[in-house]
Structure formats: C-alpha cells, structure tokens
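Shown next, in structure tokens, is the structure this report addresses.
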Amino acid sequence: MGELILEKLDICYGRQTVIRNFNLTVADGEMVSILGPSGAGKTTILKAVAGLIQPAAGQILIDGRSVLNLPPEKRDAIMVFQKPLLFPFMDVAQNISFGLRMQGWSESRMRSKISRIVDLTQLNGLEHRKIHQLSGGQQQRVSLARALVLEPAILLLDEPLSNLDANLRQQMRELIREVLAQVRITTLFVTHDQAEALTLSDRVTLLFDGRLRQVGEPRELYYHPVDPSVARFFGGTNFFSGHFKSGLFHSELGVFNLPNPTDNGYRLTATIRPEDVRFAPDQVNGISGQVVKISFEGSATRIWIKCRDNTLVVLSPESDYKIGQPVCLHLPADKIRVFPPVTEDDA
C-alpha cells in the first residue's frame, strides 16, 4: 500500500515552532500511534501529512515521493477526524460511496466494493439510514468506512474514539484492530489514551511539547522508558535515588544487584512499576512500611505505603489491607530500571 517517511519536520504557527525536528518512518501496512498529552502537537503532524498545513522545514514522503507541493486530494492520504464529518442529507451507503462517485466510479463497480466495506465495519442493515439515526459509534464506523473504501496509501486517524463512552470505545478499538489487520493499510493514529496506543499499535511514538521522546513497540515504552518523564506518562509512580558502587546499586530503599552496573559515581534515578512491587512475608526479606492510603479499582487495589522517606505505590489483586497496617515489601531487582544521567543534550 504505502510507506510514510517524515524527515526533520518543523511546523510553526506564526512565530511559534510547535513541532521540532520530527523524524518517523511508518512501514507499509504498519500501524503507528502518536501518543502524548493534549497540546503536544499530535494532530498538527497528521494535518501536515494530509496537506492541511505546510511545514516550515523537512520532508514528507509517501512511497518514496515527496508530497510537500501536492494538494490534499493528490497525496493518497485520507484523514478521519475526531468528530465524524458526514453528510447529514445522505444515507450511510451514499456517505460511504461519496469518494468513489467523485472519482467517477459506476454504480455496478461500486456495489461489491461498498458491500465488502460495510461487512468489514459491521454496518450491515444500516445502509439506508440517515446520519441522525445512527449512534456515535455507528457514525464513526461510517467515517472509517468512507476512508477505507478509497484504499488510500496512508490512513490518518485523529483521536476517532475520544468522543465515545468507555464500553463503546473498547468495542471500536477491537473493530479497528480487526479491520486494519485485514486491509493492511499503513496507518498513523493520534491519541492521548495510553491504553488505545498500547492495544492498537505496532509501534508507539511518544511526543512531548513538539519533540519526539521515544519510539518503540508498546511493551518497550511501557517497561523500558528512556527517562522518568516517559515512565510517569505510562503510570510510573515509584521513583527513588541511588548510585552504583562495587557493582551494586545503593539506594535509599536498600542495596540491589542490578544488571549492567556502571561505577560512575552519578546520583541516579530508579523506578519500579506499581504492579511489580511484591509484598514480603517478613522484614528480613523486604522493606518495612505502613499503609497510608487505599484505592479500590475493581480487578486490582492501589495501595500507598510509606517506606522510610519514600512512599511506594503497589497495585495488588488483594484488597484486604487497612490504613495504618504494617507491611513488608519486596522490590525484584529484575523489575527495577535505572535511568542514565541527564546530559546537556538530553535537557
């Protein structure tokens, strides 16, 4: 279908640079998400690829061809917006077929193509309904179907699930994953929802303040963040300081035998995810502490535990803890990540 390459992309609004030196390659048939907080510049990148805004510098290549000087309709990239932009005076089938009609397709040629897309997006039986007769999820499926029927080289999804309720959003995630697995259209997907990015993407691109912070497979960003800010974005809450000495990591929470020690004398930051902290049977094998806060979250309970001068958060399947209860914690060494020292280039 198509390969998308973004090289050294700078995008400005007036005198303000909102995207700086952005580089990303999306392989043919790959689904890559751009994840980040509101205002990070995620949608701005999609609009640049779609041809809705012009970069100040850099290059955009689709299948090896620069599209910088091409209008949106010539780029073979279609954008599905957060709010479905559908024609209210047309029914579902007419909305889906609109692009094909503009390309001059005959009714007989369109029929089988539309039927396949309707099946894929589970719109069977709704072909003759008007847009106002559809739910929000159904409208978003029509919007997706209208894009897919054109078989673009690049599909751009701009937070298409953010306006849906939690149950419907989960259903749409599963639908999008199934549909894109079948059609294998190269897709760039924007979201601020970590769960969406992790479940839908082949790779995740994390964007903070217009700058690319980390790119990798979902598990890589979740378990191996490059710095504390990335770890915090993915729900990391447990941070503590220490340094390596004689091959061991000496910290305020104890001494740990960690892989890849570096006896460089730097004061370093370490982290461990809440679900990786374990309760220990006694103080000999663990760190003593006291429960100070509890939050029941359904399948798990989040427990805040005061340990010396630190407060650690534990995500546990057990819910029978009480505030004030003394406990002991175990921090598995293989679950602790130590971040490299910050240099001037990183700042």
Side-chain angles (χ1 to χ4, degrees), residues 1-6 26-31 43 45-55 59-134 136-158 160 172 175-176 178-190:
M1 281 289 184
E3 178 191 58
L4 173 65
I5 300 176
L6 308 179
V26 186
D28 184 10
E30 186 180 28
M31 183 169 187
T43 297
I45 294 172
L46 286 199
K47 288 181 176 179
V49 176
L52 303 179
I53 57 177
Q54 187 71 10
Q59 187 60 265
I60 300 174
L61 303 170
I62 296 178
D63 277 340
R65 179 185 65 157
S66 174
V67 297
L68 281 180
N69 297 320
L70 295 179
E73 66 273 14
K74 298 292 185 180
R75 294 194 175 199
D76 204 11
I78 294 181
M79 189 164 174
V80 176
F81 293 89
Q82 181 176 341
K83 183 178 179 181
L85 302 179
L86 303 172
F87 299 110
F89 52 87
M90 294 183 183
D91 63 23
V92 168
Q94 290 168 334
N95 265 280
I96 294 174
S97 64
F98 179 79
L100 298 178
R101 293 178 190 277
M102 294 297 291
Q103 293 179 359
W105 284 50
S106 66
E107 291 289 337
S108 58
R109 190 181 173 201
M110 285 190 297
R111 197 171 295 118
S112 62
K113 193 174 184 67
I114 293 173
S115 177
R116 176 174 177 266
I117 292 297
V118 165
D119 286 340
L120 271 176
T121 52
Q122 299 177 15
L123 290 167
N124 308 76
L126 304 177
E127 294 91 334
H128 301 297
R129 285 194 188 179
K130 296 294 186 181
I131 299 306
H132 72 272
Q133 297 174 315
L134 303 177
Q138 290 168 339
Q139 290 183 23
Q140 199 58 272
R141 277 185 273 159
V142 175
S143 186
L144 179 63
R146 188 172 64 179
L148 292 174
V149 77
L150 294 173
E151 298 183 2
I154 309 295
L155 179 64
L156 307 170
L157 302 178
D158 184 21
M172 283 296 294
L175 175 68
I176 288 175
E178 291 172 4
V179 169
L180 294 181
Q182 293 187 54
V183 298
R184 299 301 298 170
I185 290 178
T186 306
T187 303
L188 195 57
F189 175 79
V190 155

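Side-chain atoms are counted along with the backbone in the values below, which use heavy atoms only and exclude waters and symmetry mates.
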Open item on the list: Using a 3.5 Å distance criterion without hydrogens, assess whether the side chain of Gln140 forms a donor-acceptor pair with backbone atoms of Gln82.
Closed with: yes
Open item on the list: Could you tell me if the side chain of Pro88 sits less than 4.5 Å from the side chain of His132, heavy atoms only?
Closed with: no
Task: Crowding at NZ, Lys113 (>12 non-hydrogen neighbours, <6.0 Å) - done: yes
Task: Positive for side chain to side chain contact (heavy atoms under 4.5 Å, CB included) with Ile154, one of Asp76, Ile60, Ile62 - done: Ile62
TODO: Decide if atom CG of Asn69 counts as having more than 12 heavy atoms of other residues, nucleotides or ligands within a radius under 6.0 Å.
DONE: no
Open item on the list: Treating Arg129 as the side-chain partner and Leu134 as the backbone partner, does any N or O pair qualify as donor plus acceptor under 3.5 Å?
Closed with: no
TODO: Assess the side chains of Thr186 and Glu3: does a donor N or O sit below 3.5 Å from an acceptor N or O?
DONE: no
Task: Residue of the set Thr121, Val149, Leu150 for which side chain to side chain contact (heavy atoms under 4.5 Å, CB included) holds with Ile96 - done: Val149
Open item on the list: Any heavy-atom pair between the side chains of Pro84 and Val142 that's under 4.5 Å?
Closed with: no
Open item on the list: For Leu156 versus Leu46, what's the shortest heavy-atom pair and its separation?
Closed with: CD1-O, 3.6 Å
TODO: Inspect the contact between Glu107 and Arg101 and indicate whether a charged nitrogen and a carboxylate oxygen are less than 4.0 angstrom apart.
DONE: yes
Open item on the list: Testing the basics here: between Gly29 and Arg184, what is the closest heavy-atom pair and its distance to 0.1 Å?
Closed with: O-NH2, 2.9 Å
TODO: Decide yes or no for Leu157 and Met31: does some side-chain heavy atom of the first lie under 4.5 Å from some side-chain heavy atom of the second?
DONE: yes
